[in-house]
Structure formats: C-alpha cells, structure tokens
Visitor: 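First the structure, then my questions, so here it is.
Both backbone and side-chain heavy atoms feed into the values below; hydrogens, waters and symmetry mates do not. Just so we're on the same page: letters track the sequence lines, and every chain starts at 1.
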Amino acid sequence: MAADDLVELAKRRGFFFGSNGAYGGTAGFYTFGPQGAALKRNVEDAWRDRFTIREGNREIEAPTIMPEAVFEASGHLDGFNDMLVECPECGASHRADHLVEDATGIEDAEALPGEEVEALIADNDLACPSCGTPLAGAPVENFNLMFATDIGPGDAQPGYLRPETAQGIFVEFPRLKEYARGSLPFGITQIGPAYRNEISPRGGLLRLREFTQAELEQFVDPEEDEPPLDRVEDVEVRLYPATEQAADDGEYLHTTIGEAVDDGVIGSPWVGYYLGVAQEWYERVGVDMDRFRFRQHLAGERAHYAADCWDAESEVGGDWIEIAGFAYRGDYDLSKHDEYGDDAFTIFKRYDEPKTVERATVDPDMSVLGPEFGGDAGAVAEALATLAERDPDAFDAETVTVEVGEGDAAETHEVDADVANFAVEEVTETGEHITPHVVEPSFGVGRTVQTLLAHAYREDEVDGEERTYLSLVPEIAPQDAAVFPLVTNDDRLTALADEVAADLRAAGLAVAYDDSGSIGRRYRRQDEIGTPFCVTVDRDGIERDGPDTVTVRERDSAAQVRVPVDDLAGELAALRAGESFDALVDRYETVATDVETN
RNA sequence: GCACCGUUGGUCCAGUGGUAGGACAUUAGCUUCCCAAGCUAAUAGCCCGGGUUCAAUUCCCGGACGGUGCACCA
C-alpha cells in the first residue's frame, strides 16, 4: 500500500487532516475528523481498559501548562535544548555541541554555556561539515523544544506547555501517594496532549507539535516490588536488542517475556512485564504483529533519565516507527522534584520490625556558642551535629574542632565538648523514607492510530469490483454498525430501518444510517471507514412468517446472516466485545448471496 | 533550519498571459429487492502576499503548506 493512498483516504473519509487549512495550514498540527476522533477515542478507551482499569491503576488529568520551576527540576529547561549553529555560507544548521564533542573529545558539551561552545568552535577552527566554511564567529543558538507562554498578566510567571504528560503526574506525587494510602507499588495514568516545538514536523501524524500521549507511571519499591510476571511470561515477543542492532548480521530474538527477563535480555522485570502487556494489547487493537517489534535503545540514544529503555515499533510504509517507549526511569524524576520542590517526594517504608539504633546527638548550649562565635554560632551548631553523626569519637576529647564556611571564608573553631552536650541515644526507628523508582510505559496515541490504519488498509475484489476497506477490529472501528433500508420506495423498510437505528443507538452503539445510493455503494462507504457490520432492512425480513428480521453483513467476508430485530442490539454488542461472526453464522440463517471476495 | 520538487472543486488530476476541464465523490429526482449500475440536473476550484503587464491561476520575488534529502527527534 502506498502511504499516499492512506493519506488520501484519511482526508476524504474524515480520519485526519492538517489543521487550519483556511489560513494556509500550520505545520505540525492535525485535526482528527469524525471518523478519526472516534477511532482515536476507541484506542484511548482500550488503553484505559488495559493499563488503568485492568491493572488497578488510577487515572488523573493534570494541566497542560506548568510553571518554569517544574521544568528546571525535570531537566527539560536545560536538557531539552538543541544547540544549533548555522553555517554563514551554505545555511546548513548543525548541532554545535556535537561538532565540539567530535573535534575535542569533550563529553556532554551540551551542558556548556553557548559562549563557551562558540569559543571552542573558534579555537579549534571548526568548519561546516556540509561545505567546509569556517564556523568561527557564527552564533550558537539555543533552540528549546518546549512551547513557552506567560501565566497571568503583568510581570507574568513564565510557563511551558508540557512536553510529556508524565510531569503532571510526578509533580503531584506527594498528594497522589496519599490516595494510594502511602504504599507501593501503585500506578497513575494520564491520557492527554503534550507539546514539542519540533524543528521540522514530518510524516503526517508521526511527528507533531501537539500530540496525544497515554502514559503510565508505575511507582515501585526497587528493593521489594516485583511485577506479576507470571501473567505474561509465556507471551511471545520479537525483540531487537541493542547488541543485535550493533552487530553487522544482527537478528531478531524470538522469545518469551519470561525467558527474556530470566536471561537478562530485558534488564528490568517491570519493563519486561509491560512489554508483555503491551504485546497483548497491540494484538487486541489490531496491530499486525508481523510488522511489530520491541527495540532496545542504544546507549547513546537514551534520554537523560532512562536507565534501560525499549521501544515498541511498528512498520508503516516500509519504515519502522516508534509507537511506545518503556523506560525504567529509576528515581530520577522524584529525586529532582524532591530537591527542587517544597514537598516530600518519598514514601515512608515501614520496617518489618522496628529497629533500635544508637544515634549520636548534640544539643549545643547556645548561650555559650552565641557570645563566643557571634554570627557563626548557628553554623557551628550545625557542624557539631554533622560531626556527631560522622565521628562520635571526636567528642571523647576535651575540645572538639569544627570547620565552618567554605573556601577562603572557612574558619576553624574549637568548642568545649561539654558545651556540645553530646549524647548517644537509643532511638526506635519504625521505617525509612525511600524514593520510589518509576517504570514508564508511554504510548503515542496518534502513532498508534496511524499504525492501525496502515495495518488495516486492504484492497480486494468483491464481485469483480475493486474495493478498499479498513479491516479494523470491531472494538476500535469508528462506527459499530451501519443501518440501511434496502430500497427507499417502501415506507415499511425506511420506517423499520429508522427504528432499528434508533434502538441500536439507544443501546449505546455508534450507528450510521444511510439511504443514499445503491446498496453496494453504501456497503463501500462503510467498508472504507472500517465499519465491521452493516444491517440491511429488506422486504423478506418483514413479509415472512415470524418476527421481523434484518440481514447483518460482515465487512471482510461480505457474508450475511438473518437476525431477528429483537436480538440485533445484543448480537452487535457481543461482536464488538470480540465474539466472532462465525458464531452468528452457526446460530442464524445465512443469506445466500452470489458475492465473492478475493 | 537548509536544498530540490510541488500546491487547480470534497478527492485525484489535465490545462492556460485574456479567470478553467475531466474522473471519482456529494446533493436532488427517476430507477432500484443485497455489493461503487444507468439517466437527468445541481453544488463546488486556480494556496497567500507583493512585483511585471492593458490583463497573472499561468511569469518573477517572498511567504505558508506538503513531499524528498540533510540536520534534528530530550
């Protein structure tokens, strides 16, 4: 299938299209049309069902705009920059930090200030890799991929549109842990938009400036919590480990989740668990598993927070695209927010048995320290406390020496041991504060939608006529069913069709009604948007003895069965929930048609 | 952000220095008892700005958007 065909279908049938066309269009922004929005919502619902509800997790909805301080802590303000230098001759843009790293062996040049990188470029006589023109004197510009905005009027507070939904979960951890009653493990999910001011958006839904993420932040005790690996240990996966990617003749590793974790191919059991869950979920929503793999990130590819990371990738139009990432983020995020934020981003972990420990304490007599050391008194008291923890034996002597201040301002003070009021106390500790680790399955919803459309796209022949259809699974298809009167010149048929459509909608099914054009044309319209079942009201169904019946036609095979109107809503609901059409074929009269698909 | 190519009804295309034509789709009517049938009619378009010209959808410049390559993708 050509990618163009899918784009054309998406536009024509209302799946998705570039936004703001009346104003010239805006690169990096797409609008989901009626079918696309329904499809995307179904994907989100299926994700929620699997990753929130069935895992016993909770979903939240955080703001998309967050204040600057959040991103100072998260590292996005500094780390989410690209340092670009533009060649004055040919105009090509290059990563300034990469040029410097390559030429000087400096590591992590990204962390250096722009002026310093400019100086390094000049000092090392670096030239444009494209055309060879010297780059000395060319300005190094920071391009931050976050959208900046102002919060409030006047001396506004700087804010940013979140570059990932995850931060909205992390920053609320102190409260979220309360809802989890302070115990690990627990998981918080969020589905919503994230924003990245991409330099060059490309490839339809694949790289957007506003896109939808479905993320789970699984908070775990790294020392104790283990995933329920037995649930997915037999799930077969196709892995593409980093070692195989590096090898010239690298091959896929076909194995099971259980074995991959046992063998250490997947470093974290938690990551392994979610790879297994994801494999099953992708299969459920209709990804072609022959065009799907899990690829491990190469060392240089990992984000600033990730210890081990796997991507789910699907093949679309001949390319492998990343559709989800599974990262073991360690305690990076919570530690940073603990450091920068006001609240405690820790969990109190109770010991099995309370521990009695000896703790050295001081209770300095400030009425002595004050007069003696003046402004340094506070610092001296603090230094005494630190010393007591580190080296209690120091207090055996008559006087104790502590150092306050740093660098040139450092001063040494002697304090009488008596004044320090040193003591060793027995303290009962019932537990400790630990920083949970985070396992993060992060799904791109738009990319999943794109994958499902590409993998569902089919062309075949019905009755010698070519047709295009989307073989979407019923759970995901934008419409659950369509209802037609076979012909419109019989009021009995149109009236019953109206009634059937209304009844199905009342039963919660998304149903299209179409009485325009020939029956074949109407089938094709529904085929193109992937409607799995078409219900046709015909004269046979109302003129024969017994209850009124209608025909139900299955999209891929064009096979039909005759179903009593009273059973229809129940049967369609069952089909949507996963029952096979064959079950209906067994139970009901089939309708003989001379239609053949191939 | 750079380079090359492109942008014409809803969609896919043809074409022109004197404001455009087809196919499909859509709508209405006729017809019509199960897979894009037929007939009649209707709706609907030259990406935006500037320049050259009596006249620009067409030529020139700039922009936007799209495709491809480079770069980038925390």
Side-chain angles (χ1 to χ4, degrees), chain A residues 3-5 7-14 17-29 33 71 74-87 89-96 98-99 110 128-131 141 143-146 163-164 196-204 206-208 301-306 321-322 325 327 461-469 484-490 493 516-528 534-543 550-553 555 558-560 562 591-597:
Chain A
D4 288 351
D5 294 338
V7 170
E8 190 265 325
L9 178 79
K11 262 193 282 198
R12 193 161 43 79
R13 287 298 182 198
F17 49 90
S19 301
N20 308 311
Y23 293 90
T26 317
F29 296 89
F71 300 111
S74 71
H76 286 97
L77 207 52
D78 292 330
F80 207 44
N81 277 320
D82 284 344
M83 263 186 206
L84 295 181
V85 59
E86 190 173 329
C87 173
E89 189 61 35
C90 72
S93 281
H94 304 280
R95 280 287 293 264
H98 288 181
L99 294 178
E110 204 174 359
C128 172
S130 305
C131 70
E141 291 185 21
F143 183 78
N144 192 288
L145 266 8
M146 285 195 295
E164 58 177 8
R196 298 176 190 184
N197 199 4
E198 295 287 352
I199 297 172
S200 167
R202 283 287 167 86
L206 296 186
R207 207 210 247 139
L208 297 177
E301 194 178 0
R302 286 200 293 265
H304 56 266
Y305 48 73
I321 62 168
E322 175 192 345
E461 282 187 8
V462 175
D463 234 11
E465 297 277 354
E466 281 186 19
R467 73 162 174 166
T468 299
Y469 67 105
F484 316 138
L486 183 56
V487 290
T488 53
N489 59 359
D490 185 333
L493 298 188
S516 170
S518 73
I519 189 70
R521 181 183 296 276
R522 286 177 268 166
Y523 283 143
R524 293 299 187 278
R525 285 188 190 125
Q526 297 303 322
D527 287 344
E528 272 202 334
C534 289
V535 174
T536 302
V537 180
D538 64 347
R539 232 172 253 152
D540 269 4
I542 58 174
E543 286 180 348
V550 293
T551 66
V552 177
R553 172 235 193 216
R555 176 193 59 213
Q560 294 186 44
R562 186 168 286 285
V591 179
T593 60
D594 50 3
V595 176
E596 282 190 16
T597 64

Visitor: If you measure from the P atom in A37(B) to the same atom in A23(B), how many Å do you get, rounded?
Guide: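 That atom pair is separated by 15 Å.
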Visitor: Please state the P separation for the pair C65(B) and U16(B) - nearest whole angstrom.
Guide: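 Their P atoms lie roughly 29 Å apart.
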Visitor: Out of C34(B), C35(B), C12(B), which nucleotide sits closest to the side chain of Lys11(A)?
Guide: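 Minimum distance to the Lys11(A) side chain belongs to C12(B).
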Visitor: Measuring only the P atom in each nucleotide, how far is G63(B) from C39(B)? A whole number of Å is fine.
Guide: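 That atom pair is separated by 49 Å.
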Visitor: CZ of Arg467(A) versus P of C34(B): gap in Å, rounded?
Guide: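 These atoms are roughly 18 Å apart.
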Visitor: I'd like to check the salt bridge (Lys or Arg N to Asp or Glu O under 4.0 Å) partners of Arg555(A); sequence neighbours left out, ordered by chain and number.
Guide: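 Expected list: none.
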Visitor: Is any side-chain heavy atom of Val487(A) closer than 4.5 Å to a side-chain heavy atom of Leu493(A)?
Guide: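 Sidechains of Leu493(A) and Val487(A): in contact.
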Visitor: In Å and rounded to the nearest 0.5 Å, what is the CD to SG distance from Gln560(A) to Cys534(A)?
Guide: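 If we round to the nearest 0.5 Å, Gln560(A):CD and Cys534(A):SG are 9.0 Å apart.
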Visitor: Does Thr551(A) make a side-chain donor-acceptor contact with the base of C34(B), cut-off 3.5 Å?
Guide: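 Side chain to base: pair found, below 3.5 Å.
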Visitor: Roughly how far, to the nearest 0.5 Å, is CG of Leu145(A) from CD of Glu198(A)?
Guide: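 The CG atom of Leu145(A) is 5.5 Å from CD of Glu198(A), to the nearest 0.5 Å.
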Visitor: Using the P atom as the reference point in each nucleotide, state the distance between U58(B) and U52(B) in Å, no decimals.
Guide: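 Their P atoms lie roughly 15 Å apart.
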Visitor: What's the CD1-P distance between Ile321(A) and C73(B), to the nearest Å?
Guide: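 It works out to 19 Å between those atoms.
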Visitor: Find the runs of at least 3 consecutive base pairs, i with j, i+1 with j-1 and so on, that include RNA chain B, using Watson-Crick or G-U wobble geometry with both distances under 3.5 Å.
Guide: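 Stem list for RNA chain B: B:1-7 with B:64-70, B:10-13 with B:21-24, B:26-30 with B:38-42, B:47-51 with B:59-63.
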Visitor: Tell me if the CD atom of Glu466(A) is crowded by more than 12 foreign heavy atoms within 6.0 Å.
Guide: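 Counting neighbours around CD of Glu466(A), 12 or fewer heavy atoms of other residues, nucleotides or ligands fall under 6.0 Å, so no.
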Visitor: Asp490(A): which residues meet the salt bridge (Lys or Arg N to Asp or Glu O under 4.0 Å) condition with it, sequence neighbours left out?
Guide: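 For Asp490(A), the residues satisfying salt bridge (Lys or Arg N to Asp or Glu O under 4.0 Å) (neighbours in sequence not counted) are Arg492(A), Arg539(A).
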Visitor: Which value, in whole Å, describes the distance between the C1' atoms of nucleotides G50(B) and A64(B)?
Guide: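 It comes out at 14 Å once rounded to the nearest Å.
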Visitor: Can you tell whether the side chains of Asp5(A) and Arg12(A) come within less than 4.0 Å, N to carboxylate O?
Guide: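 The answer is no: the pair does not qualify as a salt bridge.
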Visitor: If only atom types and distance count, is the side chain of Arg522(A) paired as donor or acceptor with the main-chain N or O of Leu486(A) below 3.5 Å?
Guide: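 Here the side-chain-to-backbone pair exists.
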Visitor: Starting at atom CG of Asp527(A), determine the distance to atom P of C34(B), rounded to an integer number of angstrom.
Guide: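 Result: 17 Å.
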Visitor: Looking at every strand, decide which applies to Glu322(A) at a 4.0 Å heavy-atom threshold: base, sugar-phosphate, or nothing.
Guide: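 Since no nucleic acid heavy atom lies under 4.0 Å of Glu322(A), the category is nothing.
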Visitor: From CZ of Phe17(A) over to P of U7(B), roughly how many Å is that when rounded to an integer?
Guide: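 Distance, rounded to whole Å: 23 Å.
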Visitor: Give a yes or no on whether the backbone of Phe29(A) and the side-chain of Thr26(A) come within a donor-acceptor separation of less than 3.5 Å.
Guide: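 Such a contact is absent between Thr26(A) side chain and Phe29(A) backbone.
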Visitor: Could you say whether Glu8(A) or Val537(A) is positioned toward the 5' end of RNA chain B, judged by the nucleotide with the nearest heavy atom to each?
Guide: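 Counting from the 5' end, the first nearest nucleotide belongs to Glu8(A).
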Visitor: Using a strict threshold of under 4.0 Å (side-chain N to carboxylate O), is an ion pair present between Arg524(A) and Glu528(A)?
Guide: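 Not counted as a salt bridge, because no side-chain N and carboxylate O are separated by less than 4.0 Å.
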Visitor: May I have the distance from Glu198(A) (atom CD) to A71(B) (atom P), rounded to whole angstrom?
Guide: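 Nearest whole value for this atom pair: 16 Å.
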Visitor: Test of understanding: with ring pair (Phe, Tyr, Trp, His ring centres under 6.0 Å), list the residues that count as partners of Tyr523(A), not counting sequence neighbours.
Guide: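 Partners of Tyr523(A) under the ring pair (Phe, Tyr, Trp, His ring centres under 6.0 Å) test: Phe484(A).
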Visitor: Can you tell me how far P in G17(B) sits from the matching atom in A56(B), rounded to whole Å?
Guide: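 Nearest-Å result for G17(B) against A56(B) at atom P: 14 Å.
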Visitor: Heavy atoms under 4.0 Å, any strand shown: does Glu528(A) hit a base, just sugar-phosphate, or nothing?
Guide: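 Glu528(A): base contact, heavy atoms under 4.0 Å.
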Visitor: Tell me, for nucleotides 61-68 of chain B in 5' to 3' order, what letter each nucleotide earns: B for a base near a protein heavy atom under 4.0 Å, S for only sugar-phosphate near one, - for neither?
Guide: ---SSSSB
Visitor: Give me, pair by pair, the N or O atoms of the protein and of nucleotides 22-32 of chain B that are less than 3.5 Å apart, along with how far apart they are.
Guide:
| residue | atom | partner | partner atom | Å |
| --- | --- | --- | --- | --- |
| A25(B) | OP1 | Arg521(A) | NH1 | 2.8 |
| U26(B) | OP1 | Arg525(A) | NE | 2.5 |
| U26(B) | OP1 | Arg525(A) | NH2 | 2.3 |
| U26(B) | OP2 | Arg521(A) | NH1 | 3.0 |
| U27(B) | OP2 | Ser516(A) | OG | 3.0 |
| U32(B) | O4 | Thr488(A) | OG1 | 2.9 |

Visitor: Assess whether a salt bridge exists between Arg13(A) and Asp527(A), defined as any Lys/Arg side-chain N lying under 4.0 Å from an Asp/Glu carboxylate O.
Guide: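 The answer is no: the pair does not qualify as a salt bridge.
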Visitor: May I ask you to decide if Tyr23(A)'s main-chain N or O and Asn20(A)'s side chain share a donor-acceptor pair within less than 3.5 Å?
Guide: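 No.
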Visitor: When the C1' atoms of G10(B) and C70(B) are compared, how many Å lie between them, rounded to an integer?
Guide: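 One C1' to the other, the span is 35 Å.
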Visitor: Tell me the interatomic distance from Arg553(A), atom CZ, to C35(B), atom P, rounded to whole angstroms.
Guide: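 From Arg553(A) CZ to C35(B) P: 10 Å.
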Visitor: Nearest-Å distance, OH (Tyr523(A)) to P (A37(B))?
Guide: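 Rounding to the nearest Å, OH of Tyr523(A) and P of A37(B) are 14 Å apart.
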Visitor: Considering only the P atoms, how many Å lie between A42(B) and U8(B), rounded to the nearest integer?
Guide: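 Pairwise P distance, A42(B) against U8(B), rounds to 25 Å.
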